[in-house]
Amino acid sequence: MIRVENVGFAYNATSPNPIRALEGVSLQINKGEFVAIVGHNGSGKSTLAKHFNALLLPTEGDVWIDGINTKDKKSVWDIRQKVGMVFQNPDNQLVATVVEDDVAFGPENLGIPSEEIQRRTEEAMALMRLTEVRDKAPHMLSGGQKQRVAIAGILAMRSDYVVMDEPTSVLDPLGRLEVMESIRVLRREGITVILITHFMHEAIEADQVVVMDGGRMVMSGSPREVFAQADKLRSLSLDVPLVTQVAARLARMGLDIPPNVLSVEELMEYL
Ligand code: ADP
Ligand code: MG
């Protein structure tokens with residue numbers, strides 16, 4: 001379980017002009033959950049993400065990963081193994097010259113025996129559908145494939161949590177679908193997924209949606225609860241998913257459709 005307790009964070013905290021990026025954030029993420037974090041630019045999403053694996057430490061409050069405080073210096077590597085990170089730009093996170101070596105890179109650094117590394121690498125490549133491109137150079141792959149290599153690397157590390165910071169924002173539509181499919185695979189494997197995204201429809205499948213604004217958590221709940229509040233989201237410069245917008249417009253035209261429709265299938269049902 002990840003517990004964020006009353007966390008505040010300032011960049012350049014000790015300088016005369018600290019930049020406050022998080023204020024009083026509290027949140028709990030249970031094992032196996034899929035949590036989506038949304039919010040406009042500069043709302044503190046990436047800053048919060050970096051608190052989940054001790055890349056940043058709170059200025060106030062605490063972050064606990066399976067009961068370990070991220071401020072506990074001797075547990076940093078333990079935490080980094082538990083919580084894998086996928087960033088926006090896939091080119092900045094691949095290190096090896098062929099896909100297979102890249103997937104094996106994490107466990108190799110953990111000093112795991114080579115047969116075990118081999119087994120984990122095979123399994124991770126199979127889950128991320130990379131076996132066919134195992135001998136390719138990462139730079140020859142599509143953006144979606146590169147993100148799958150990054151995720152496979154985390155699977156090979158046997159991390160329990162995967163934090164993704166806008167993993168689809170520089171990808172083409174196909175790449176975005178590939179990443180969303182990868183999230184479903186991770187969930188089937190029982191891995192907790194924290195997805196930061198500015199595409200609202202990517203949050204529809206989440207168990208919990210967290211909305212950030214000005215470093216604060218301003219809304220949270222199930223996608224249905226959060227996306228029913230279209231006006232509030234709009235006041236935060238956010239939209240509801242397209243299908244929810246269409247349903248709301250039809251409701252205003254007098255059709256008997258609730259304001260929190262989340263999928264095309266559901267809308268068709270009501271129609
Ligand atoms: P988001 O990911 O939601 O766009 P960030 O967490 O990146 O938001 O940024 C939150 C706030 O912190 C913004 O005001 C941003 O300018 C500031 N900030 C982010 N990174 C740094 C940094 N390395 N140094 C100083 N300020 C930063
Ligand atoms: Mg960001």
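Every number for a ligand or one of its atoms is a count from 1 in the order of the listing. Note that this is a predicted model, so its numbers are computed, not measured. Here, residue 1 is the first one in the sequence, and each next residue gets the next number.
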Contacts of the Mg ion (ligand 2) with protein N/O/S atoms, counting only those under 2.8 Å:
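Atoms qualifying: S46 OG.
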
Indicate yes or no for a side-chain donor-acceptor contact from [X] to the backbone of [Y] under 3.5 Å, with no hydrogens or angles considered.
X: Q88; Y: V170; value: no
X: T121; Y: V103; value: no
X: E225; Y: S220; value: no
X: T192; Y: G32; value: yes

Between T47 and ligand 1, find which residue part has any heavy-atom pair under 4.0 Å and reply side chain, backbone, both or neither.
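T47 to ligand 1: contacts from backbone and side chain alike.
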
Report the part of M212 (side chain from C-beta onward, or backbone N, CA, C, O) that has a heavy atom under 4.0 Å from ligand 1; answer both or neither where that applies.
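Under 4.0 Å from ligand 1, M212 contributes no heavy atoms.
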
Atom 10 (C) of ligand 1: any protein heavy atom closer than 4.0 Å:
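Given the 4.0 Å limit, the answer for atom 10 (C) of ligand 1 is yes, a protein heavy atom qualifies.
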
Name the closest protein heavy atom to [atom], giving the residue it belongs to and the distance to 0.1 Å.
atom: atom 8 (O) of ligand 1; answer: G44 N, 3.1 Å
atom: atom 15 (C) of ligand 1; answer: G42 CA, 4.9 Å
atom: atom 7 (O) of ligand 1; answer: S46 CB, 3.8 Å
atom: atom 19 (C) of ligand 1; answer: Y11 CE1, 3.4 Å

Within less than 4.0 angstrom of ligand 1, does H40 place any heavy atom?
yes

Whether S43 lies under 4.0 Å from ligand 1, heavy atom:
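Contact check S43 vs ligand 1: positive.
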
Using a 4.0 Å cutoff against the non-hydrogen atoms of I19, which atoms of ligand 1 qualify?
25 (C), 26 (N)

What atoms of ligand 1 come within less than 4.0 Å of a heavy atom belonging to N41?
4 (O)

Between Y161 and N53, a side-chain donor and acceptor under 3.5 Å
no

Regarding atom 3 (O) of ligand 1: of the candidates K45, R20, E166, Q88, which has the closest heavy atom?
K45

Take D78 and R80 through the salt bridge (Lys or Arg N to Asp or Glu O under 4.0 Å) test and state the conclusion after the steps.
CA-CA 6 Å; D78 211 14; R80 300 261 163 93; over 6 Å; no

